[in-house]
Amino acid sequence: MDFLHTILGDDIQAGLLIILNLIVIESLLSVDNAAVLATMVMDLPKSQRDKALKYGIIGAYVFRGICLFLAAWLVTIWWLKPLGGLYLLWLAFDYFRKKNAKNNEAEEEVDKSKSWIYKSTVGLVGTFWATVALVEVMDLAFSIDNVFAAVAFTDHIWLIYIGVFIGILAMRFVAQAFVKLMEKFTFLETVAFIVIGVLGIKLTSSLFTHFYPESPISHVIEGEKTDLFVSIFTVAIFILPVVSSLLFNYPKKNIGEAEVAEKAEDVLEKS
């Protein structure tokens, strides 16, 4: 029992609920990460495309492994937490911005030509290795958001370790199940980014709690009840729409095409 308390914290049930949340979030982040990798290599020839994807997947494993060892150090740098929150908020904002644009325009692909990394390397090493370099930079960013998402749920270091480790497994195993789920319930893609936005708000609020730690608002933000609410909200916002869709066909299944799921499946099948 002491071992469980060490790993899961004083409240074992709350710890298990956090792990369930981490499985959901890390898997969905991995699906989105895989979709971005697929988009970035689409302009390469087929033979080079598959090779670049393999390098990208290897890089994802390596950087997540590094973050696993650095997680305890990263969480001690207080300003990384609100910075990570802003990053997660940007992910959510960028998704809804593009989703709104797609209502009137063709699908937007990643424009590598606007990337400083790509522009700086393409003339030196060619399009293939410039693309690989850009993919690896994205892998690093994705690995850091892997840590930020875990920190959004808990400050307990062992649970953060578990969250990062789940992120590593999700790239290879769990995310494929979520791809299938998102193909059937395409609205889960939007739900995922709502959750990412909520986590971004929670992380960004640490800016306030850092400068005003004794404020009643800070006590509420950092309190166990708030953590429990976020955990329950995260589980409920995924489960309730799925149950409603199965029972009442609302939201409807297979509404349009799940672009993220389709691209991610191609990448994950190669890992």
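The basis for the numbers below is simple: all heavy atoms, side chains too, and nothing from hydrogens, waters or symmetry mates. Residues: numbered from 1 along the sequence shown.
No continuous path of ILVMFWY side-chain contacts below 4.5 Å connects Ile194 to Tyr250, so the two sit in separate hydrophobic clusters. When the side chains of ILVMFWY residues are joined at heavy-atom separations under 4.5 Å, either directly or via intervening members, Tyr212 and Val220 end up in two distinct hydrophobic clusters. Put simply, Ile157 and Leu159 are part of the same group of oily side chains (I, L, V, M, F, W, Y) that touch within less than 4.5 Å, one to the next. Side-chain heavy atoms closer than 4.5 Å link hydrophobic residues (I, L, V, M, F, W, Y) into clusters, and following such links, even through other members, never connects Val195 to Trp90. Cluster membership check: Ile77 shares its hydrophobic cluster with Tyr161, using side-chain heavy-atom separations under 4.5 Å among Ile, Leu, Val, Met, Phe, Trp and Tyr.
Note that CD1 of Ile217 and CZ of Phe208 are 4.5 Å apart. Values are rounded to the nearest 0.5 Å. Between the CG atom in Leu240 and the CZ atom in Phe233 there is a gap of 10.5 Å [rounded to 0.5 Å]. The distance from atom CH2 of Trp78 to atom CG of Leu207, rounded to the nearest 0.5 Å, is 5.5 Å. A distance of 7.5 Å separates CD1 in Ile221 from OG1 in Thr226, rounded to the nearest 0.5 Å. A distance of 6.5 Å separates OG of Ser205 from CD of Glu222, quoted to the nearest 0.5 Å. To the nearest 0.5 Å, atoms CZ (Phe185) and OG1 (Thr190) are separated by 14.5 Å.
Between Tyr95 and Phe193, the ring planes lie parallel to each other; the angle is under 30°, not in the 30° to 60° tilted range.
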Stepwise, does the side chain to side chain contact (heavy atoms under 4.5 Å, CB included) test hold for Phe229 with Ile232? CA-CA 5 Å; Phe229 171 78; Ile232 293 174; 5.9 Å; no
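Between the Ser245 side chain and the Val242 main chain, no donor and acceptor come within less than 3.5 Å of each other. Side chain of Thr209 to backbone of Ser218: no donor-acceptor contact under 3.5 angstrom is found.
Closest heavy-atom contact between Pro241 and Ala236: CD-O, 3.7 Å. In terms of heavy atoms, Val191 sits closest to Ile237 at CG1-O, 3.4 Å.
Asp50 and Lys54 are not joined by a salt bridge, as no carboxylate oxygen comes within less than 4.0 angstrom of a charged side-chain nitrogen.
Checked against the 6.0 Å centroid criterion, the rings of Phe165 and Trp158 do not qualify as a close aromatic pair.
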